[in-house]
Trainee: 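Have a look at this one before I ask anything.
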Amino acid sequence: MSFSEGPEPKKPRTSSSEIQPFGNVKMTNNGKSAPELRYKRMGFEPTPELRAEWKRRFGKEEPHIATLILARGGSKGIPMKNNKKLGGLELIGWVIRAAIDSDIMDSVWVSTDHDDIAATARKCGAQVHRRSAEVSQDTCNSWVTIDEFAKYHPEVDIIVDIQATSPCLHPFHLHDGMRLTLKDGYDSVFTVVRRHGFRWTDPKWGIQPFPLNFDPAKRPRRQEWNGEIVENGAFYMMTRDVEQQGLMQGGKMAYLVMEPEYGVDIDTDLDWEIAEQRLFRFGYHGRTPKTVKLVVVNIDGTLLDGQVQVSPTGEELRSFKTTDIVGVQQLRENGIEFRVVAEGDNEVQRALAGKLSAKLEENCTDKLTVIDAWRQELGLEWKDIGYMGYDISDMSCIKKAGMSACPSDAYAAIQKHSHFISTYRGGQGALREFCEQIMLQHSMGTQEQSGDKVVYAS
């Protein structure tokens with residue numbers, strides 16, 4: 001077996017988490033993906049000798065490459081997880097997007113037994129293979145489902161089984177894997193990650209546990225140990241010959257090492273929460289990511305901390321964090337408009353808006369209408385707007401905005417529909433973190449700054 005460490009470390013791919021239109025596979029008149037684009041994406045030009053080798057391996061000089069995503073409706077760990085929205089997009093949508101935008105696939109398929117998943121697959125640009133009940137049982141493994149697909153599609157020469165539960169997969173991962181398959185002649189290629197865990201036996205019948213992969217007397221430091229190679233299941237590429245042997249890995253094998261930030265694998269509810277945070281920064285958000293041009297926040301519970309303290313003299317005191325102010329200033333420096341809405345009317349929010357030189361709409365009972373008027377004034381679309389809120393009254397704007405966010409202490413329903421959930425509470429740095437995410441997606445640098453709480457009196 002051989003292996004590849006994958007590409008050189010890359011800057012995280014970032015963009016707005018709005019659902020993006022999916023690209024189409026570039027086609028020639030005969031329905032094949034354009035060869036010149038396909039091989040350019042993979043980083044090589046096929047020689048006559050290589051094509052002759054493909055003719056021997058596949059019976060043709062242009063093998064048909066098909067993505068197959070297995071997505072049944074009976075998932076147990078997280079019910080209907082394949083159709084559940086993650087970061088504003090159904091889970092299967094993330095890997096469909098990566099497969100289509102790789103520009104190396106002749107066809108992209110979702111194998112499912114569920115009508116809703118089938119509808120989502122088609123909406124995202126994939127074709128649907130309606131799997132039979134026989135291969136949709138809890139006891140069925142992946143191979144039997146792949147085999148059923150292969151029997152119905154004899155034109156397919158290379159199957160790329162992508163797991164929907166790996167939403168941080170990028171087109172470049174598929175390029176690297178397929179280069180190993182076509183250029184280097186591997187029959188099966190699969191993804192792995194490096195793990196640095198010390199493993200022990202599971203003691204039974206009172207037997208003392210013992211180490212499996214290290215010597216306790218010579219415990220290695222992390223930097224002295226390359227770790228272990230562990231499958232993460234992002235994809236399994238296999239030739240038809242390997243699949244016909246009842247295998248997903250066989251023949252001449254290679255693995256592709258994914259960087260840890262991309263190696264997300266969702267199995268439990270806890271994995272889902274971790275994936276939501278990592279996906280925003282490291283997920284693939286489309287060919288032409290949308291950029292935010294206007295940021296609007298509900299001042300209560302986001303910029304202000306939502307708490308009111310009363311001084312001995314009867315003054316109401318509210319606080320915010322100076323790092324949030326720095327975040328807004330950085331938005332402005334990079335040409336992003338910042339405005340504020342507030343449901344109430346008090347001197348504190350007016351003073352704060354004045355300090356930020358931000359347009360403020362007070363006593364705002366219909367935020368959606370106000371922001372829509374601002375959108376038209378600035379000649380923008382809703383996809384160009386970022387919104388941060390925390391209360392149920394923010395729901396319509398959270399759902400409408402191209403990029404939505406909330407503090408960690410926002411209402412549960414708001415968190416459910418937000419693209420980004422800050423690790424900080426409102427008035428405690430949540431807005432600054434949202435600003436950093438926006439600028440990260442604009443490929444703008446941020447500078448770490450710290451700040452203390454500031455108290456205004458009204």
Side-chain angles (χ1 to χ4, degrees), residues 1-14 42 67-70 75 77-78 81-82 86-87 91-92 94-99 102 141-143 159-181 184 186-200 202 211-214 219-238 247-250 252-285:
M1 178 184 290
S2 182
F3 70 92
S4 169
E5 286 286 356
E8 292 296 317
K10 295 177 171 61
K11 186 175 182 179
R13 274 76 165 167
T14 55
M42 287 185 268
T67 287
L68 180 63
I69 301 161
L70 308 182
S75 53
I78 305 175
K81 66 183 175 185
N82 294 305
L86 178 71
L91 183 61
I92 60 169
W94 291 97
V95 291
I96 293 174
R97 172 188 287 158
S102 72
N141 60 32
S142 296
W143 178 82
I159 299 171
V160 183
D161 172 32
I162 299 178
Q163 285 199 155
T165 51
S166 299
C168 285
L169 180 74
H170 281 246
F172 73 83
H173 293 124
L174 298 170
H175 298 158
D176 294 336
M178 192 53 63
R179 183 172 61 250
L180 290 168
T181 303
D184 299 326
Y186 290 97
D187 300 306
S188 57
V189 179
F190 52 96
T191 56
V192 300
V193 292
R194 287 194 180 275
R195 298 231 175 117
H196 292 76
F198 296 136
R199 295 186 295 112
W200 292 77
D202 183 9
L212 291 172
N213 64 347
F214 75 106
R219 290 177 64 93
R221 294 183 300 169
R222 184 183 180 91
Q223 60 268 33
E224 297 172 337
W225 183 39
N226 287 332
E228 292 186 317
I229 296 298
V230 181
E231 288 185 28
N232 70 333
F235 67 69
Y236 297 86
M237 295 179 176
M238 69 204 81
L247 303 170
M248 294 171 60
Q249 296 154 303
K252 184 181 177 183
M253 294 183 286
Y255 57 71
L256 181 75
V257 180
M258 293 180 72
E259 296 296 324
E261 58 266 30
Y262 302 113
V264 176
D265 183 27
I266 300 173
D267 187 45
T268 66
D269 287 328
L270 180 59
D271 296 330
W272 193 276
E273 295 175 6
I274 295 171
E276 281 187 313
Q277 296 299 317
R278 195 179 298 182
L279 185 66
F280 194 85
R281 185 169 184 179
F282 297 111
Y284 174 68
H285 297 268

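From a predicted model like this one, the values you see are computed outputs, not experimental measurements. By convention here, the first residue in the shown sequence is residue 1.
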Trainee: Any side-chain heavy atom of V230 sitting closer than 4.5 Å to one from V192?
Mentor: no
Trainee: Report yes if the side chains of L174 and F235 come closer than 4.5 Å at any heavy-atom pair, otherwise no.
Mentor: yes
Trainee: Taking the ring centre of each residue, are W225 and F198 less than 6.0 Å apart?
Mentor: yes
Trainee: Side-chain contact test, heavy atoms from C-beta onward, threshold under 4.5 Å: evaluate it for I159 versus M237 and give yes or no.
Mentor: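 Answer no - side chains too far apart.
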Trainee: Determine whether the side chains of E231 and Y255 contain a donor N or O and an acceptor N or O closer than 3.5 Å.
Mentor: no
Trainee: Measuring only between side-chain heavy atoms, which start at C-beta, is M258 closer than 4.5 Å to N232?
Mentor: yes
Trainee: As an exercise, state the distance from CG of L169 to CD1 of I162, rounded to the nearest 0.5 Å.
Mentor: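 The CG atom of L169 sits 5.5 Å away from the CD1 atom of I162.
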Trainee: Is there side-chain contact between L91 and P167, with at least one heavy-atom pair below 4.5 Å?
Mentor: yes
Trainee: Treating R199 as the side-chain partner and L212 as the backbone partner, does any N or O pair qualify as donor plus acceptor under 3.5 Å?
Mentor: no
Trainee: How close do G177 and L256 get, heavy atom to heavy atom, and via which atoms?
Mentor: N-CD2, 4.3 Å
Trainee: Between W94 and H285, how do the two ring planes meet: parallel, tilted or perpendicular, split at 30° and 60°?
Mentor: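 Perpendicular.
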Trainee: Do Y284 and P171 have side chains that get closer than 4.5 Å, going by heavy atoms?
Mentor: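 Contact flag for Y284/P171 side chains = yes.
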Trainee: Examine Y262 together with F172 and report whether their ring centres are nearer than 6.0 Å.
Mentor: yes
Trainee: Kindly indicate whether the side chain of D187, heavy atoms from C-beta on, has any atom under 4.5 Å from the side chain of M253.
Mentor: no
Trainee: According to ring-ring contact (aromatic ring centres under 6.0 Å, His included), who are the partners of W200, at least two apart in sequence or on a separate chain?
Mentor: F214
Trainee: Please enumerate all residues that pass side-chain hydrogen bond (donor to acceptor under 3.5 Å, both in side chains) together with D184, with sequence neighbours excluded.
Mentor: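 Not a single residue meets the side-chain hydrogen bond (donor to acceptor under 3.5 Å, both in side chains) criterion with D184.
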Trainee: What is the minimum heavy-atom distance between A164 and N82, and which atoms define it?
Mentor: CB-OD1, 3.5 Å
Trainee: Which heavy-atom pair separates V193 from G263 by the least distance, and what is that distance?
Mentor: CG1-CA, 4.2 Å
Trainee: Listed by chain and number, what are the side-chain contact (heavy atoms from CB on, under 4.5 Å) partners of Q163, not counting sequence neighbours?
Mentor: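 Only T165, S166, D265 meet the side-chain contact (heavy atoms from CB on, under 4.5 Å) criterion with Q163.
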Trainee: Looking at G250, is its backbone amide N or carbonyl O close enough to the side chain of S188 to form a donor-acceptor pair, meaning the two atoms are under 3.5 Å apart?
Mentor: yes
Trainee: Calculate, to the nearest 0.5 Å, the distance between atoms OH and CG belonging to Y186 and L180 respectively.
Mentor: 6.5 Å
Trainee: Give a yes or no on whether the backbone of G197 and the side-chain of N213 come within a donor-acceptor separation of less than 3.5 Å.
Mentor: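 Here the side-chain-to-backbone pair exists.
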Trainee: Show your reasoning for whether side chain to side chain contact (heavy atoms under 4.5 Å, CB included) applies to L86 and I266.
Mentor: CA-CA 11 Å; L86 178 71; I266 300 173; 3.9 Å; yes
Trainee: Under a 4.5 Å cut-off applied to non-hydrogen side-chain atoms, are V160 and M178 in contact?
Mentor: yes
Trainee: When rounded to the nearest 0.5 angstrom, what is the spacing between NE2 in H175 and CE in M42?
Mentor: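 Spacing of NE2 (H175) from CE (M42) equals 7.5 Å.
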Trainee: Could you tell me the separation between the CD1 atom of I229 and the CZ atom of F190, rounded to the nearest 0.5 Å?
Mentor: 9.5 Å
Trainee: Before giving the answer on side chain to side chain contact (heavy atoms under 4.5 Å, CB included), spell out for E261 and C168 the whole-Å C-alpha distance, their side-chain angles and the decisive distance to 0.1 Å.
Mentor: CA-CA 8 Å; E261 58 266 30; C168 285; over 6 Å; no
Trainee: Would you call the rings of H173 and H170 parallel, tilted or perpendicular, where under 30° means parallel and over 60° means perpendicular?
Mentor: perpendicular
